[in-house]
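Chain A is the first sequence line, chain B the second, and so forth, proteins listed ahead of strands; every chain is numbered from 1.
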Amino acid sequence: MAIKYTLQGLLIYLTIAAFLAAFVSTIARRRTTGQWFFTLGFCISLASYVYRWIDGRHVPLQNLFEVFLCLGLVCYPISLLARRGLRIGGQWADMLIAAIVLFPAGFVFHAEQQHLPPALQSWLFVPHVAVYMLGYIFMAMAAARAAIQLATASQPISGKILPFEQATYELIALGFPLLTLGLILGSIWGKRAWGDYWGWDPKELWSLASWLVYAGYFHWRYMFGKKHPRLNSLWAIAGMAVIIITLLWVNLSRLFPGQHSYAT
Amino acid sequence: MIRLKRAVLWACLMAIAALAVLSVYGAFLGADRAQTFFNSVPVAVFWGAFAVLLGAGIVAFGRLLWVPSLLLMHLGCILVVIGGMWGSQPGRDLQERFLGTERIAKGRMPILEGTAENRVAIADSNVTKELPFSIRLRKFRIEYYEPGDLYIYSRDGRRWKLPAEAGRSQTLGRDLGRVTIQRVFRNFRMDISGDERIALDAPGGSNPALEVAIERPDGSTARRYVFLQRAGHNNPSDPLALTYSQSVRDYISELEVVRDNEVVASKDIEVNHPLYYGGYHFYQHSYGQNQFGDYTILMVVADSGLRIVYSGYAMLMVGIVWHFWGRPLRSALRNRRSNERDENR
């Protein structure tokens, strides 16, 4: 547990508090208040991210602390897109996800500034990591809808809102191109930096495994459609489990030494 | 036909699942052993079968042919697999045997400053091969981030980092006091005149150091010099240990390509910026120093199959973006337009 007695820490804790308040308000059927808190949380997380950026003099995507800071930031816009653009319900889950992903930044990882090592000084650094972060949040939100579908087997009351199984598919369909782009950009970057477009590094292999799980999901859903909604949902949750391993276990465990170890 | 389609789809699903399982297995092996594993003959057979299965899918499913985005995605995957096989070790061995192409796939080139070299030590073997041209290392240099950092360690495991700038200070808590950087030296020298010692920044040379004042909780102040190039001695009874270090910003090799005693190309290479010449990429890989001076180690890589793989990437990406983003967006826009038209009527 690493509590941060700094301005950065304060901003993170305020963001978590706002997101949790949004979650509680929405669950208590105070949706407007919940939206206000969610928006407020986003504004504070934006301030926190910009502060980190200015303080570190590079885009904060270098290590796990900065990556989780970024994950907390992108939850709100993606949730907004899902609600307004795709008619996807269950925003309370997005609020909870936003609070959860900021927890490691606030309490687990150290916030000490680090210089960018030579390998990270590339124009591919920001797009490669950023598209993965966006993709991961899409997949996390999809997995949340899948879990709701599994847990409740209920559908949204309003006819204007997509059923949870369909919502899961729509979110995965939006996130999958981002995972693909992240994989390809990483491969091109690997070629420029280390001479190999594919280095068989544990992080690369886990990323490929997560991409394959979602590729399998699309083929499965093409085969069976909505005939087995629970299996479809399980598939989406399995994809998220592999992503969590890719993001955390591979970087933190000594089992997987590799070229991505600086990301801790 | 429906049975055939279903069989192909199931086979595709099984192949995807098998590749996912193999990827996870490879991750536990580590990069070097995973590379050997994925280039082994049984797995090469699997790669071939995977490409054939994708091709069979395109033939069996008419939809893959008449929906361009789906066709691009699947063709892209086939190209990536074929390009990967073409550039793999077994693929290169076959090229050498049947096409007579003899290229250095991958190797390392140590070059001393001021000398030219054309020998490449082949990766994972004791073999050395020669390039038809030489690479001369004009100069190798390391650039550092300015300023460096002063690291302060306490005996109970706490750590603080302070930018190495005069006037910067750090409070360490009630038990340890406060540390302040008083002076930054580029070339530290100590002059002794009589009983007095005078620290000064001498012109020329390089011996970076920091003068640090430690204000103890009892009110006393100690002065310490911390050097960049030497770790220094820490008294066992001292509650604090100090180190001064700089992070590497870049490794740069200034290279020239020499052919028939003429310089035909030159480039300062660094990480992420290799030199490309004669079908080879030259990467900044490592460096060192021996009795003759500084040397750099370049990684030499031939790009066998790279264009096929990159073409596959492009097709895969265009297909996926078009299918998952472009098509829904287009149909949403169409729906909106038709709704607007209906409202206007």
Side-chain angles (χ1 to χ4, degrees), chain A residues 85-86 112-125 170 172-177 179-181 183-184 187-189 191-213 215-216 218-220 222-223 242 245-246 250 255-259, chain B residues 6 9-10 12-13 16-17 19-38 77 83-84 87 106 145 149 159 161 246-251 270-274 281-285 299-301 303 306 309-310 313-314 316-317 320-321 323-325 328 332:
Chain A
L86 300 170
E112 191 177 84
Q113 288 285 5
Q114 294 163 322
H115 293 297
L116 279 184
L120 294 192
Q121 293 165 33
S122 164
W123 66 269
L124 287 157
F125 165 52
E170 297 290 342
I172 290 177
L174 277 177
F176 188 64
L179 293 192
T180 314
L181 187 58
L183 205 58
I184 289 175
S187 172
I188 293 168
W189 187 8
K191 176 67 193 160
R192 288 176 65 86
W194 298 309
D196 286 317
Y197 62 84
W198 193 257
W200 305 105
D201 182 73
K203 187 94 170 173
E204 292 174 3
L205 287 166
W206 275 105
S207 302
L208 177 64
S210 57
W211 188 86
L212 287 165
V213 171
F218 286 118
H219 285 82
W220 173 266
Y222 175 73
M223 277 172 83
V242 180
I245 292 170
T246 310
V250 176
L255 269 174
F256 304 111
Q259 289 171 315
Chain B
R6 192 149 279 257
L9 252 177
W10 268 113
C12 276
L13 256 181
I16 288 170
L19 189 50
V21 170
L22 289 179
S23 300
V24 171
Y25 172 68
F28 281 95
L29 291 178
D32 291 339
R33 286 172 63 202
Q35 182 165 18
T36 310
F37 171 71
F38 280 100
C77 287
K106 195 174 188 179
Y145 281 103
D149 295 302
R159 191 185 80 155
K161 190 169 94 169
Q246 278 184 306
S247 303
V248 172
R249 194 172 59 191
D250 218 342
Y251 306 98
E270 51 197 295
V271 183
N272 285 309
H273 299 281
H281 271 108
F282 296 87
Y283 295 88
Q284 179 61 52
H285 178 68
M299 170 90 80
V300 186
V301 182
D303 296 332
L306 186 69
V309 172
Y310 278 12
Y313 283 168
L316 177 66
M317 200 61 237
I320 283 182
V321 168
H323 191 78
F324 289 110
W325 291 355

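Heavy-atom pairs under 4.5 Å with chain B were tallied for A:S187, A:S207, A:S210; the largest tally goes to A:S187. Ranked by heavy-atom pairs shorter than 4.5 Å toward chain A, the options B:V309, B:I320, B:N272, B:I16 are led by B:N272. Of the listed residues (A:M223, A:Q113, A:H219, A:E170), the one with the most heavy-atom contacts under 4.5 Å to chain B is A:M223. Contact count against chain B (heavy-atom pairs under 4.5 Å) is highest for A:G195 among A:A215, A:A193, A:G195. In terms of non-hydrogen atom pairs under 4.5 Å with chain A, the most contact-rich of B:R249, B:H273, B:E270 is B:R249. Residue with the most contacts toward chain B among A:V242, A:L208, A:V213, A:L116: A:L116 (heavy-atom pairs, distance under 4.5 Å). When B:D32, B:D149, B:V321, B:D303 are compared by the number of non-hydrogen pairs under 4.5 Å with chain A, B:D303 comes out ahead.
Residues satisfying the side-chain hydrogen bond (donor to acceptor under 3.5 Å, both in side chains) criterion with A:W198, sequence neighbours excluded, are absent altogether.
With a threshold of 4.5 angstrom between heavy atoms, B:Y313 approaches chain A through its backbone and through its side chain. Residue B:R159 touches chain A through its side chain alone, counting heavy-atom pairs closer than 4.5 Å. When heavy atoms are compared at a cutoff of 4.5 Å, B:Y310 approaches chain A solely by way of its side chain, counted from C-beta outward. In this structure, the portions of B:L19 lying under 4.5 Å from any heavy atom of chain A include both its backbone and its side chain. For A:L183, no part lies under 4.5 angstrom from a heavy atom of chain B. The contact between A:E112 and chain B is made entirely by side chain atoms (from C-beta outward), counting heavy-atom distances below 4.5 Å. With a threshold of 4.5 angstrom between heavy atoms, A:W211 approaches chain B through side-chain atoms but not through N, CA, C or O. When heavy atoms are compared at a cutoff of 4.5 Å, B:L29 does not approach chain A at all.
Note that the CG atom of A:L174 and the CH2 atom of B:W325 stand 7.5 Å from one another [nearest 0.5 Å]. Remark: A:I172 CD1 to A:F218 CZ distance equals 6.0 Å, nearest 0.5 Å. Interatomic distance, B:M317 CE to A:T180 OG1, rounded to the nearest 0.5 Å: 5.5 Å. Taking NZ of A:K191 as the start and CG of A:L124 as the end, the distance is 14.0 Å to the nearest 0.5 Å.
Between A:W200 and B:F38, the two ring planes are parallel [angle under 30°; tilted spans 30° to 60°]. B:Y145 and A:H115 have parallel rings, their planes meeting at less than 30° on a 0 to 90° scale where 60° marks the start of perpendicular.
Considering only heavy atoms from C-beta on, A:R192 comes within 4.5 Å of A:W123 through its side chain. Residues A:I188 and A:Y197 are not in side-chain contact: their nearest non-hydrogen atoms beyond the backbone lie 4.5 Å or more apart.
B:Y251 places no side-chain N or O within donor-acceptor distance of the main-chain N or O of B:H285, the cut-off being under 3.5 Å.
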